[in-house]
Every structure is written in structure tokens, then in C-alpha cells.
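All remarks here apply to the structure that follows.
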2 protein chains.
Amino acid sequence: MMLAKAFLSATVVVSLSATVVAQNNGSELLRYVKPTTGTARMGHVFPGATVPFGMVQLSPDTDTIPYEVNGRYNPDVYKYCAGYQYEDKTIVGFSHTHFSGTGHSDLGDLLVMPTVGTLQLNPGVASDPKTGFRSTYSHDNEEASPAYYKVKLDDHNILAELTATNRVGVHRYTFPKSDQSHIILDLMHGIYNYNEKNVWTFVRVVNDTLVTGYRQTHGWARTRTVYFAMTFSKPFKSYGSKNFDEKQAYRGFWGRFDQSRNFPDLAAKKLRMHFDFDTKEGEQVMLKMAISSVSQEGALMNLRTETPGWSFENIQQQGRDLWAKELNKVVIDADDNETKENFYTAMYHAALSPTTYMDVDGRYRGLDQEIHTAKGFTNYTTFSLWDTYRALHPLFNILQPKRNGDMVQSMLVHYDQSVLKMLPIWSHYANDNWCMIGYHAVTVIADAAMKGVPGFDANKALDACIATANRRDFDGIGYYIDKGYVPEDKSGSSVSKTLEYAFDDWTIAQLAKKLGRMDVYETFMKRSENYKNVYDASIGYMRPKLNDGSFRKEFDVLSTHGQGFIEGNAWNYSLYVPHQPKELISMMGGDKKFVAHLDSLFTMHLPDEFFAGTEDITRDGIIGNYVHGNEPSHHVAYLYNYAGKPWKTQERTRMILKKQYHSGPAGLGGNDDCGQMSAWYIFSALGFYPVAPGSTYYDITSPAVSKAVINLDNGKKFEIETIGQSDKNVYISKILLNGKPYNSWQLNHADIMNGGKITYYLSAKHGK
Amino acid sequence: MMLAKAFLSATVVVSLSATVVAQNNGSELLRYVKPTTGTARMGHVFPGATVPFGMVQLSPDTDTIPYEVNGRYNPDVYKYCAGYQYEDKTIVGFSHTHFSGTGHSDLGDLLVMPTVGTLQLNPGVASDPKTGFRSTYSHDNEEASPAYYKVKLDDHNILAELTATNRVGVHRYTFPKSDQSHIILDLMHGIYNYNEKNVWTFVRVVNDTLVTGYRQTHGWARTRTVYFAMTFSKPFKSYGSKNFDEKQAYRGFWGRFDQSRNFPDLAAKKLRMHFDFDTKEGEQVMLKMAISSVSQEGALMNLRTETPGWSFENIQQQGRDLWAKELNKVVIDADDNETKENFYTAMYHAALSPTTYMDVDGRYRGLDQEIHTAKGFTNYTTFSLWDTYRALHPLFNILQPKRNGDMVQSMLVHYDQSVLKMLPIWSHYANDNWCMIGYHAVTVIADAAMKGVPGFDANKALDACIATANRRDFDGIGYYIDKGYVPEDKSGSSVSKTLEYAFDDWTIAQLAKKLGRMDVYETFMKRSENYKNVYDASIGYMRPKLNDGSFRKEFDVLSTHGQGFIEGNAWNYSLYVPHQPKELISMMGGDKKFVAHLDSLFTMHLPDEFFAGTEDITRDGIIGNYVHGNEPSHHVAYLYNYAGKPWKTQERTRMILKKQYHSGPAGLGGNDDCGQMSAWYIFSALGFYPVAPGSTYYDITSPAVSKAVINLDNGKKFEIETIGQSDKNVYISKILLNGKPYNSWQLNHADIMNGGKITYYLSAKHGK
């Protein structure tokens, strides 16, 4: 323990940060947020306008790539998980719902596009934008900041500006002079579209400024309905629609109406609409689009409640204020601008998901497709839990426990509405999409409960955790319970599942213990050791085991495909025992052997072919054989702490921060994964990380910031100060906690939440 | 006026009927109802179980004919408007919603079929029933009576019995001994099905006796959703489903579940399910299926409120009591059993539509697809108004004014929810299907208001009538307003439209006058004379006029196709001026010429080819050139009253009653049209008919009953007595009203509603 040496200099620390914070409300932090960071390549974030955790996330979509071509999966679709690709030269319009950083997709509802000239109701193709309503644009004429997005649509000579409230997207279009100005509402558009995705659309043109309706889809969310209410600042002079459903077999007696022109009562599978205006040079037409999962009336209520007027600036300012408040929760200082941009862009990306999922009156459509009311909490959706249980929800437990308590409560009502009696796996919009593995909602719940987060009934939550972990017909759980592992010949990715179930089980056990339910504790502690059942001591790796109890013969410890793992290989995944690292190290041969394994991960050189098919990351998302762009290794750099080499944790995390996060469109090495990658950045940059959520400790590393103040919701502040911070001084020589020498590599949650200060003395030299 | 002769014998009349009524509650009338009457050929009624105006109308469907074959309309589908054809040898199952007597179709939701043996999830074909779950059956083993239907399913050796409450279908299946007993729930089945009709289906198996979900379709109702909650009297031992959507492009990550076996969370476009049981010999398994337009919760509430227990007999008895009450509103006596069967079967068919359309708490899905609450009224749907404005709604104004007031209120909330600002044309299930012509809701409203029916705001109703009649883009109304007629080259069936608009306008004028809105009265009285604009005096017929003001040159007064008329030819339709028969007679050349025209209608012989393509009737529905099976002539026989030949009205209506209505499956000559044909029977058999709804008078004819008592809701009784009734004594020699000589061929509504007695003296001889 090298910390013991340097107790004496504690008193030299001065508190500058607190003074800085007192002078502002966070608005000066907005400029560090770069929403375009990660919009190129595989970051899969969107540059558009939204408020923190907003239901509406209004953003440009740059193409209309179908999920399927000629009945086969179209791999190009993957680029458009968030609708926008920085490299693209055209914009097809602005849609109101987006995922941030996912590796599979959906949404893109209610695309709006202003145009001028001959009406075109097809988007056209990127290679020849004049074939449709899409427009070329230039990044020179584009601006993205929190709650604001602006772009010049060159082909139409229209300036488009976007802002948003929680449930309303607000558009302001500055038109040229024209008697053929149009605003197109594309109700077919969507992300990950295939031919049968649009299930139904219903539209009512209530009057010459108000349109309501809904769009119902079958996609990643199997049964999803988005209601809307859209209003214009200026009455349209005419409107129309086209039904693109070439297979429509039955039209009944609706043919007596000309439904294509000025007809207010529309319903079909595939509709595009247009609203026509005369505009003067420089005339601004605004549009507000509210959404709801409940009803058109709900959308209209959201519209009227959140955006009563027509001041774009006021709405934008409200959004910026919300963001300032969010960013101000951690006020950092850093020597270089890029660290600030990385940090606050991460803070921004870490506040995009989960998304609000209820109307202003608390009503929402539940998993059972029935209308429910959230009583006493804000209901959220977009739970990418395989990603976010690791660091994003733990981050919320520090920065916004109230919100995370509501997220837990949202998962519990999901459970109540689940006919399978399961907590969410990957849920969005009244659906579980069942993406990825594990039952990590239990970890989010246990972590929140262990950290005293309010807002839910912990005993009821434990019951939901137990029921989920005992759903025998889900993903090998029955085998796992009976045999202590998931057999690879019964359920693929079997080792990943076994390891993650074991960790999740440990978190259930922790919660049970806290609640005094010792029988549950015993059962799940026993299950939490199941990782041992897939460890093959003869080779020193976790290895897929068959139903007959033998390890699978064919096995490649480097390949990421078909080896019993998902988004990782055995080399990485064998380290996935976050709850019992000491036991893992011992099982793997002790500190020395373990450190060598860790080192090899970061230093080995592997040919590209090993990563050719790795999901959700670019080649840059990989360091040696360490895959930071995917999540299973996120705790790995911290394991040195348990093997007697904390300086290597410090060195590695500082190195990863530098290598994996950059400002600029190509700045993210892989999917941001609904904020998990960003949460890793925030924790690691601040000098601690939740290796085992469900515990109350964090593992300490070397901060990348020079100082930081965490403004806690409870009114207290936790300060992080570094002495000697530099790019070279990545090693911790000493730590003081509240001025006293601190002799552990684990920081307690209570020490943060009680307020205080941690001081890191940094050096260019490390211990042994 | 031949009545004046015979004042003196008034006092011989004795009141027997009142005594009869006092002895019973109507239950003895149930035996005269033959639900199978009209189930053969084109009656298009269903034999299944329902309560009066029930939301659930649970009935066997005898085939699964698609609306389309190879992309073309399949004319065979027409036979199955009500799902059942008496001639068929197999039953595919029992579905919960049906139209009664329509000529176009929809519904057939939630088909349930019990089977034994190897599971089959396809219905199979009628020519080889063993190819599917359908079963042969025999009419010998079939029984249909109010609120009860029974049939033996021979192929499965299962006795099926059905009964119903308003919102719940109740099934009782008596199984043989088997460990392979199944109950199939076919969520794809429907009436007028085509490949894209099923839009979406969602199902939750809540536990081993309860299943909830919804089915959403796009058909005659463009956007329709039926929620359900289904419960079994015995837990199923297993269950499963099959998704028949061969085009399903996207399955997401649901593949990790085996959704075909015991999986409770289902959603797809095309689902069939099965529930499996072990049954002992003779074991009865019951099933209750509740529906709702609101939600699964709404269906469950309906289920629990209306059918709390499992006594089939109790539920059936409740239903029979409701029917007895309904039938008891008119207690007749007649010399022959067939007249009683015809009369009470007509009373039954006249109480099947409109259907209740709200949950037990008053909530329902409105035309805007939003959830509304019916406050202070029962909400109804299934408004086949082109048919039912003539006699069915007028009948309701006598027999159940409260219900008809609610029906008017239902049309007014439809109007409120209509973004087109129109009253219903032909509406069902939160949709207008726009079938047929005119805007006859205005007549129903005016008739109810003129007759003092309570339950709606007459001024508001008038506003709705005016708005509807001024919807210029609907069906030639703009031309009609501007030119005084609908030009045939602008809108087909132009003469029928002009004539019907003119009549509807007259009813609007009557309502306006009653409300003292004389400007409206003047405007619509002027419009009501527009029939004159399509009368071609040179030929003595109504004739299609072109936009340039000239009559169309090519014209065939007998053909029913392409001549400017719908469901009728010029010979019949030229008589359609119900509001101004005297002016019509004058316009057509006076009494003598007019009577000759009327006579020719009934006596001319026309070759079959003239009727080959006539809609909705069989050859039997025609007498000479008089088409009783369609509605435009329903008032025609009464027009003799206005041309000085009332005895011919008497002769003709008695003849029509005999020729057009019979007991037995083939007893109806054409579609019953949601009760309009039956209402004609009831009125005419009682001796009076509403030639011009919107007025307060009825035209008198010779009753076919020997006596009748109308038990009015206001507690009063109106008695009809005949002196000298026989098949030959069809002519009225004298009428007494309340014992006093009655010297008019019109009977006033008030005279009925105030209670009293009308006595008809009948004779075999007629006047001149």
C-alpha cells in the first residue's frame, strides 16, 4: 500500500472549485458539449435537439436505408441506428424519436421536412438528391448544441432550426419567397424500416393549424404506437396526402372522397402528407410536434402544457437551462480543452437515456398495451440494461438518485405489467425487445437499494428480481439453475450468460441480505459462484461447457464468434467476475499470473481478422486485445487493484481515456450504448469506478481532471482535487479523504454522498 | 272517404288483448321467434345467441370465404355477410360479432371452436371437413331461440351451446372422453376477410383460465379494434399458438422464446391459438368471452360485471327475460301460427341493430379513435341508416323512445368526433363505412324530435343536420346545392341522391320549423323541392340530368344499373317523394295516371334479366316490377292512399306481407337490412306505416293481425282490433279510434302514444 507514505501534506489542499461553482449556474458549461461527437462511424449518437432524458429527441436523419433488401438483412442499415451519419451529404428530414448510441434500432417517428418548389413526396436517393424531398447540406452551415440544432437545407434554401421540450419537438423554418413552400410529414419514415414495419397510421386534420393522429409499428418494439399532435404557427393554404401502400386490397366506400387533397380523415399503412404555404422572403414558419404513448388527446395536452406560446427562443432557453442544471452537477477543471469537451459531452450523452415515458398527467401505455398512470414517480423507458447497469445507473445514484429511483420504479411497473413476470431486459416503448443477455435490471435495483436510493419498495423489488432470475424458459435459466451453468449446446453465448447470471445473482443476494431475507441471500450467494463451473483450469480460461458436463472440445480463446461469448472473446470475458475478483485471481493462478493475463490483454498484437466481425465497435475501439468499445471489459482495467498492481489500473485507465475518447464526429470508438461509454468516461476521469454495482464501493484510479466538484442533490458537495496533475503524472502517490490519509483502493458511496473532499497526489513514478 | 258509412257498430268491440297481457310477461312469445328464418339464401341474418341490441352477437360461421381471390373480388363472399348459410354442411366455429341482414360485411371476431383429437389449426375446406378443425353438423341437431343456440358438432362428437349477455358470449361445450380435447381461438378469422385485413393482434395468457388481448382490422370499418377477455371454467393443461403470417419480415430477438408452446406473450398479424384439456365423457367446459372497444381491462370489467358466475342456465334465462320484455311490447293475436312466427321473428330481427357500443362504465372508442365516456345515455353503433330511417327508427319511437333518443345522441357524439363534421352515413365500431347514399341520420333525428323523443339537444342536433347537408365535397352535395340536383356526369346514382337529399332536406325543415328557426326552414323547404329538377315530364319519370342541365339521352326506365339509381330502377324510384306525395301525383299527371303507374309496378311481368344483377334480393323479393327486397319502394304501396285508392294500399300491403315474409330459413326475400324489412312487416301487419318519417303521421292500411296491444314505455296501451279479419277480408270498411269514427287515412303519433284503441272493420269488398 503505497499511500501510507505521504500523510503529512494534506493541509496544503485548497478548495477552489466551490468558489467557481458559486459564480454560475452551469450555463458556461454548455459550450463544452459537442452533440456531433460520435456522429461519424459507429458512435451512433444523434446531433439533434433534446432536453435531458427527453421523450422527444428531435434530430436530422440523413438517409432512409431499409432494414431488408430483397428479403435479406441489409448490413448498411446499421450505420443509421441514430438516423444520422456525419459523412452523409443529404438530410431527408427531422424525426422526433431516436436512440443514442445503440447497436440495433427502431424509432425515427414523424419525419418532418420543409421544401420549396414542385411537391415531391418521395425522399429520393442520396446519390441524386433532386429525385426527392431530401436536401444537400454542409457541415459549415450546421450547428449543434444542447437543445438546439440548426442546418441550412441547400436544395430548398431553407434554414431549419430545432429545439425541444420534454414531449414537444419545435421546428423553425426560414423560407425563401415562394408560393410553393411545403412542409412534409412522412408517416412511413422510420429507422430500421422494412416493408411491413408500418402497421397502421391514423391522421385527422382538425383545422388549418392542427393535425393529430398516431403511427403504429412492428419493429424492435413489437407493438408500438406513437400518438401525435402537430400545430403550425401559420395556417396552411392547402394540404394533401398520398397512400404508398401498393398492396392495399380493400378501400371500401372511401373512394367517394378524394382523399389526396384537403381531406382531413386519413388512415392507411403508408402515408405521407404535405402542408402548403405561401411564404415571403425570410418568413419563418414554426411547427410544434408533441408525442404521447396514450392518445391524441394526451399529445395535445402535452403540446399545450409544455409549449403554450410561439417563442422559439424561450423554449430553447428553457432547454438550455435544463442542460445547464444537468451539467452543473459535476463542475470540473482540466488543463486541456479536449478533456472538458470530452467530459461534458459525456455528461450530455449520459443524460439522453433512459427517456421520459409518460404524458404530463402521468399516463402512459404499459407493457400490457393498456393505459396506466405513474403515481408519484416519473415513468421512463429505453432501458439498455446490459450496457447501462455497469456505470450509467451507478452514476445516476450519485448525480440524481431521485431519477434513478424513478427508473427502478419504472422497471417495477414493467414487471407488474409483464405476463412473463420479468423485469426488463432491453425495453423501450411498452415493449421488451429482448436484446442481449443477463437479467441486469436486478443489478440496477440492488445497486440503488444498497445505496439508499428512495422511490421504490425494496422488498417488492427483491420479489421481482427473484421471479426474473427464476424464469426457467428464458435464455437457459432453467439449465443454469439445475446444473449451475448454461450448457452451450442448449443455449448460445452460454459462458457469457453463466458469468453474467452469476454476477446478477450476487447483487440479488446483497439486496436480500440488506433486507434480512437470509434464505434468499443463501440461495443467490450459492448461484453467484456458478462462474466457477465454466472455468477450465486446464487452460486457464472460462470455456463453454456442454449439457453432459464436459467442456466443449473445439475452442478458440481469441475468436469472438461461436465460442460461448457475446461481444467479447474468452480472453476478455474470462475476467468477468466483478463480485469476487479475489477469488477469480486465485482461481486463475494468483496475482502474478493474473497480472500477466491482464497485461497481455492490453499489449498483445492481434491481426485485424480477429475483430472483423466484432459488433458495435470500430478497430479503434480496441487496444491490443482489450475491447473498450464493448462493455464486458469495462471493469477489467480496475482489476489490477486486486492483484497488487493499482498503478497499472491508473496507467491503463488514463491511457484508455486518451485513446478511446476524442472530441469531434469520429470521437467515439464504438456505440455510446445509451450513455454507458460516457458514464465510464465520467467515472474514470473523476478517479473512481463501480466495478461491482450492487456493492457500495468504487475502485479508485487516477483522475484525468485537475479538479472537480460534484454538486449532490442532497445539497452537499464532494470535491475531487489533484495535486500534480499532468499527462505524465498518471500515478497516485497519495490520497487524502477529507484531509486525512486514505489507505484503500476502494472509495465508499457514503463518503461521496456525505460530501467532502478527496485529494489525489499524482506522480510520474509508480510503485512496484 | 268510405269510412263515413259505418260509425254505428263501434260499441261491439271488446278488449280481449289487455286481459291476455295481464296474465304473462312475454315469455310465452319467445316460442314464436325463429332465429333461423332468413338464414338461407339472401336474408343474411344469423341464428346465434344474443340479447336485444347486444354488443356480442355470438353465432356459428359456416365457412371462411375470402373477400378476394387472386387479387379480385370473390362474389361468393356475399353469401356470408352474417357468417352463416343454412345450406352449408359444416361449421368452422362460433364468432362473437355479426351484422344482421346486411348486404356488405365485416366483423366475425374471435372465432372459437372446440375440437377433439389431433390438433388442427387450419379450418380446412367444406368439401373435406377432415382437413381442418371445422365440423359437419345437421339441422336435426340444431336449435336456435332467443339468447340460445345449440348444435352438435358431429366430427368432434361435441355438443356446443351458446348464450350471451350484452357484452359477453357464453359457450358450453359437452366433450367426449379424451386427452386431446382442444378449444381453438382463431384470431385471423373474420367476415369479408382479405389478406391484409388483420392489422395486428395482441394476446396475453394471464393464467390458466384467463386470456386477454385485442384484434385490430382494416375492413369495411377502416380502423377497428376489438379487445377481449376470455375465461374458461376449467384450467387448460397446456396451450399454444401459430403465427400464420408468412410475410413476417422481422422477428427481432423474440426467437429466444419458443412462442408456439405455453408462451403467454403474443403479438402478430395472423394468430391462431389452442387450449388443451383432458375431458371425461360428457364433461362440460364453459368459456366466457367479453369484448370491449376500449381496452383489455374494459373487456375484463364487462366480463366480471355481466357474468360473475358459471351458470349457463342463469345467463340464458336473463337473456330470455330481456327478449320476453322486448317482444311483450306488442302482443298480437292472429289466426294462423305463421303470422305470429313472422311477427315475433320480425320483432326479434328489429331488435338486433343498432348494437350497444360501450363498456359497462360507459366508455367507448369514438370515431376519432379516442376513448370517450357516454354520459347519461347508452352509446350505440351499427347504423345502417339508408335502410333503417324508413321504418325501424320510427318503430323505436313508438316501442322504445328512450333507446331511440340514445341512438340519436350516439349519432350526435359521432358528429362531435367527426373531423368531417358529418353525422353517420353507415357507421359501425368507431368508423363510418360510407355505404349507400343520402344523409338519412337527419331524418332519424327529425323524426325523433318531431315525436318528442327525449335524450338529446334538438338545436344542437339541427346544427349537425345542417352541417352534414352542407358538406359540399361529399357525394355531389356541392352540385346539389348549387344546381338543385346532382349531375349524373359528376356523381353516379345521381337521381337517387337528388331524391333522397330532397326528402332529407324536408325533414331538416320540419325540425327547424319546430324549433322556430325559420331561416333554416325556408332554405331546406326550398331544397326539399329539388326532386322536381330531375323529373322529365316528357317521359313521366325521374331521369338523370347532366351538369349542362340536359337530361341524359340514353336511359332505360327498367334497368337497375347505370341509370342514375341505386338498388332500384326509374319505375320504382320515380315514386320517391315521400314528403310531397300529392305534388308528386300532380306532377306525374294526376290520380288516374299515377294509380296506373302504381298498378303497373305490381302487375307487369318482367323477364329475369332485368333483375339478374339487382343487389341484395332474391328473385322472390320482387313482385312484378315492385322490389320489396330493397328499400326505396317501401313506402310505395301506401301511395295509393294519396291517389284516392286506399283499398289498393290495403290489398297490396296484405299481399306483400303474405308473399315476402315466411317462416323458415328461406323466409326472407332479401337482406333483412338491420331490421328495416322486419320493421316494415311489423308496421304493415299492425295497420299503419311511416311513409314520411319526420312527420308525425302514419299511413293507414289493413292490419294482418286479428288484434294487438302495444305496451308503451309510458305505461299506456294502444290497442289494435280488427272486426272480421280473414285472408279474404283485406279491405277496411270502417275505422273507429277510441270508439269514435275515424275519417282519415293518416293516424297521428300522439293518438298512439296517448294510448287508446283503433278498430278496423274489415271486409272482402272494397270501394271504388
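The chains referred to below are lettered A, B, ... by the order of the sequence lines, with proteins before strands, and numbering in each begins at 1. Hydrogens, waters and symmetry mates are skipped; everything else that's a heavy atom, side chains included, is used.
Interface remark: of the candidates Gly213(A), Gly298(A), Gly219(A), Gly252(A), Gly219(A) forms the most heavy-atom pairs closer than 4.5 Å to chain B. Counting heavy-atom pairs closer than 4.5 Å to chain B, the top-ranked of the candidates Met436(A), His218(A), Lys269(A) is His218(A).
Residue contact with chain A, scored on non-hydrogen atoms closer than 4.5 Å, involves the backbone of Val205(B) exclusively. Within the 4.5 angstrom heavy-atom criterion, no atom of Lys421(B) approaches chain A. Residue Asp368(B) touches chain A through both its backbone and its side chain, counting heavy-atom pairs closer than 4.5 Å. Heavy-atom distances place no part of Thr212(B) under 4.5 Å from chain A, backbone and side chain included. Interface residue Phe263(B): only side-chain heavy atoms are found under 4.5 Å from chain A. Using a 4.5 Å cut-off between heavy atoms, Arg471(B) contacts chain A through its side chain alone, with no backbone atom that close. Contact annotation for Ser491(A): neither backbone nor side-chain heavy atoms come within less than 4.5 Å of a heavy atom of chain B. Of the atoms belonging to Tyr214(B), it is side-chain heavy atoms, and not backbone ones, that fall under 4.5 Å from chain A.
When every heavy atom of Glu370(B) is checked against every heavy atom of Glu297(A), the shortest pair comes out as OE1-N, 2.7 Å. Here the closest heavy-atom approach between residue Phe257(A) and residue Leu420(B) is recorded as CZ-CD1, 4.1 Å. Taking both residues in full, the closest heavy atoms of Asn433(B) and Phe253(A) are given as O-CB, 3.3 Å, listed atom of the first, atom of the second, then distance. Here the shortest heavy-atom pairing between Thr223(A) and Ala267(B) reads OG1-CB, 3.6 Å. Scanning all heavy atoms of the two residues, the minimum distance from Val206(B) to Val419(A) falls at CA-CG2, 3.8 Å.
Relative orientation of the Trp254(A) and Trp434(B) rings is perpendicular, given thresholds of 30° and 60° on the angle between their planes.
Rounding to the nearest 0.5 Å gives a distance of 8.0 Å between CD1 of Ile437(B) and CZ of Arg256(A).
The side-chain heavy atoms of Asp265(B) and Arg222(A), taken from C-beta on, include a pair separated by under 4.5 Å.
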